[in-house]
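Contents: one structure, followed by commentary.
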Amino acid sequence: MAQMAITLLTRAIEYDMNGRKLESLKLYEDGIEALLKESKAETDPKRKQHFQAKIVEYMNRAEQVKDQVTRWKSRGEIRDKMHVVDGATGYSYGRVFGRYMTDDVKEILVEEPYVREHHQLCNLVMFSELAVTSCKNLKFIKLLTVREQKNNDEQGRAFQTLKDSLKKQGVEFFVEYSANMHDRQVM
C-alpha cells in the first residue's frame, strides 16, 4: 500500500511540475487516499506521525492545484477533462468532442504525437469528419505530430489525401512536425 501511495504521489509531483495540473490533482487525491489508508493501518507512532505530516503537505499542495484549476476554468482556459480507461468502449468522437464542435469554432489545433499507423490515421480522418460536419465556420485544422520513420511514407500520403478532401469542404489542413512530442491535446 505504501508503495502505491509513493508511486501515485511521485507521479502527481512530476505532472504538477510539468504543468499537467488536472492530471496531477487526480493523482494527488488518489495518493492521499492511499496514504490515509496506510496511516490508519500503521501501529508505529513515529511512522504514523510521518504519514500524517506528509498527508497534510500533499493536501495543501492539492488545494493549491485545485485553486489554480478553478481559476483556469473560470477564465475559460480549461473547459473539461474526460478520463477514458484503457480498453473502454462507447467513447465515440461525438461523445468526447461533440459539445465543443459548434459554429463558433473557426480553427482546431490537434497535438497528437501518434498519427503514424493506419488506425491512427483513420482516427484523424474520423475526427476531421466530425469537425467539418459540426463546425460550420471551420476554416483551419492544424496537426502537430511526429514524422513517421518508415520509408513507405503512408503518413505523408494520408495527410495529403486528407488535405485534398478537407480543401473541398473549404477547410485548410496543415501539418507541422515535432521531434519532441509526448502528450496529446485538442484545442
Side-chain angles (χ1 to χ4, degrees), residues 8 11-12 15-16 18-30 65-150 152-187:
L8 290 167
R11 211 138 113 246
Y15 282 23
D16 189 0
N18 289 320
R20 297 170 67 177
K21 302 299 184 188
L22 287 170
E23 294 155 300
S24 72
L25 182 58
K26 177 69 172 131
L27 289 165
Y28 277 126
E29 291 168 353
D30 293 346
V65 171
K66 186 176 183 178
D67 289 346
Q68 187 174 22
V69 168
T70 301
R71 283 192 308 273
W72 287 347
K73 283 184 178 180
S74 71
R75 291 192 308 237
E77 294 175 29
I78 296 177
R79 285 187 147 179
D80 203 356
K81 178 180 171 88
M82 178 183 289
H83 181 73
V84 179
V85 179
D86 190 29
T89 60
Y91 291 92
S92 68
Y93 285 102
R95 181 173 174 197
V96 175
F97 298 109
R99 66 182 138 198
Y100 307 112
M101 300 287 189
T102 67
D103 291 346
D104 295 332
V105 176
K106 294 178 179 61
E107 55 188 78
I108 297 174
L109 169 62
V110 178
E111 294 182 2
E112 171 57 76
Y114 306 105
V115 186
R116 296 177 231 163
E117 301 298 327
H118 180 75
H119 70 279
Q120 295 162 333
L121 294 163
C122 289
N123 289 340
L124 177 63
V125 169
M126 288 186 286
F127 175 82
S128 299
E129 287 173 350
L130 174 67
V132 167
T133 57
S134 302
C135 307
K136 301 301 180 209
N137 295 311
L138 183 65
K139 298 295 176 206
F140 304 98
I141 297 176
K142 180 178 178 180
L143 171 66
L144 181 60
T145 192
V146 175
R147 187 179 298 275
E148 174 187 47
Q149 297 302 313
K150 296 178 186 174
N152 65 7
D153 197 31
E154 178 185 2
Q155 183 188 50
R157 288 191 305 275
F159 290 160
Q160 187 60 50
T161 301
L162 181 57
K163 182 177 185 169
D164 295 343
S165 177
L166 288 171
K167 190 166 187 81
K168 291 176 186 173
Q169 303 297 319
V171 177
E172 294 293 324
F173 178 70
F174 301 96
V175 178
E176 183 179 322
Y177 295 101
S178 170
N180 304 329
M181 289 187 70
H182 301 290
D183 297 324
R184 298 176 169 105
Q185 288 192 101
V186 177
M187 297 185 278

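Just so you know, residue 1 is the first one in the sequence shown, and it goes up from there. The figures that follow rest on heavy atoms only: side chains count, while hydrogens, waters and symmetry mates do not.
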Solution key, residues 163-172 side-chain donor-acceptor pairs under 3.5 Å, sequence neighbours excluded:
unit_1: Asp164; atom_1: OD1; unit_2: Gln160; atom_2: NE2; d: 2.9
unit_1: Lys167; atom_1: NZ; unit_2: Glu172; atom_2: OE2; d: 3.0

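Minimum heavy-atom separation, Gln120 to Arg116: OE1-N, 3.0 Å. Thr145 approaches Tyr114 most closely through the heavy-atom pair OG1-N, 4.3 Å. Summarising the geometry of Ser24 relative to Ala12, their closest heavy-atom pair is CB-O, 3.3 Å, with the distance given to 0.1 Å. Pairing each heavy atom of Leu130 with each of Tyr93, the nearest pair is CD2-O, 3.4 Å. For the residue pair Tyr100 and Val105, the shortest heavy atom distance occurs at O-CG2, 3.2 Å.
Within the model, atoms OG1 of Thr102 and CG of Leu138 stand 10.5 Å from one another, a figure rounded to the nearest 0.5 Å. Between atom CZ of residue Arg11 and atom NZ of residue Lys26 there is a gap of 11.5 Å, rounded to the nearest 0.5 Å. In this structure, Arg157 CZ and Thr161 OG1 are separated by 8.5 Å, a value rounded to the nearest 0.5 Å. A distance of 7.5 Å separates CD in Glu148 from CD in Glu117, rounded to the nearest 0.5 Å. Taken to the nearest 0.5 Å, the CG atom of Leu162 stands 7.0 Å off from the CD1 atom of Ile141. Taking CZ from Phe159 and CD from Glu154, the interatomic distance works out to 10.0 Å, rounded to the nearest 0.5 Å.
A donor-acceptor pair under 3.5 Å links the side-chain atoms of Gln155 to the main chain of Val115, judged by distance alone. Here the side chain of Lys21 pairs a donor or acceptor atom with the backbone of Asp16 at under 3.5 angstrom. In this structure, Lys106 contributes its side chain and Asp103 its backbone to no donor-acceptor pair below 3.5 Å. Ser134 contributes no side-chain N or O that, together with a main-chain N or O of Ala131, makes up a donor-acceptor pair within less than 3.5 Å.
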Could you walk me through whether Leu144 and Lys142 pass the side-chain contact (heavy atoms from CB on, under 4.5 Å) test, one step at a time? CA-CA 7 Å; Leu144 181 60; Lys142 180 178 178 180; 5.5 Å; no
Does the pair Met101 and Ile108 meet the rule for a side-chain contact (heavy atoms from CB on, under 4.5 Å), with working shown? CA-CA 10 Å; Met101 300 287 189; Ile108 297 174; 4.1 Å; yes
Report the C-alpha distance between Leu143 and Phe127 in whole Å, list the side-chain angles of each, state the deciding distance to 0.1 Å, and finish with yes or no for side-chain contact (heavy atoms from CB on, under 4.5 Å). CA-CA 12 Å; Leu143 171 66; Phe127 175 82; over 6 Å; no
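Taking the side chain as every heavy atom from C-beta outward, Phe173 and Leu124 approach each other to under 4.5 Å. Residues Gln68 and Leu25 fail the side-chain proximity criterion, which asks for heavy atoms closer than 4.5 Å.
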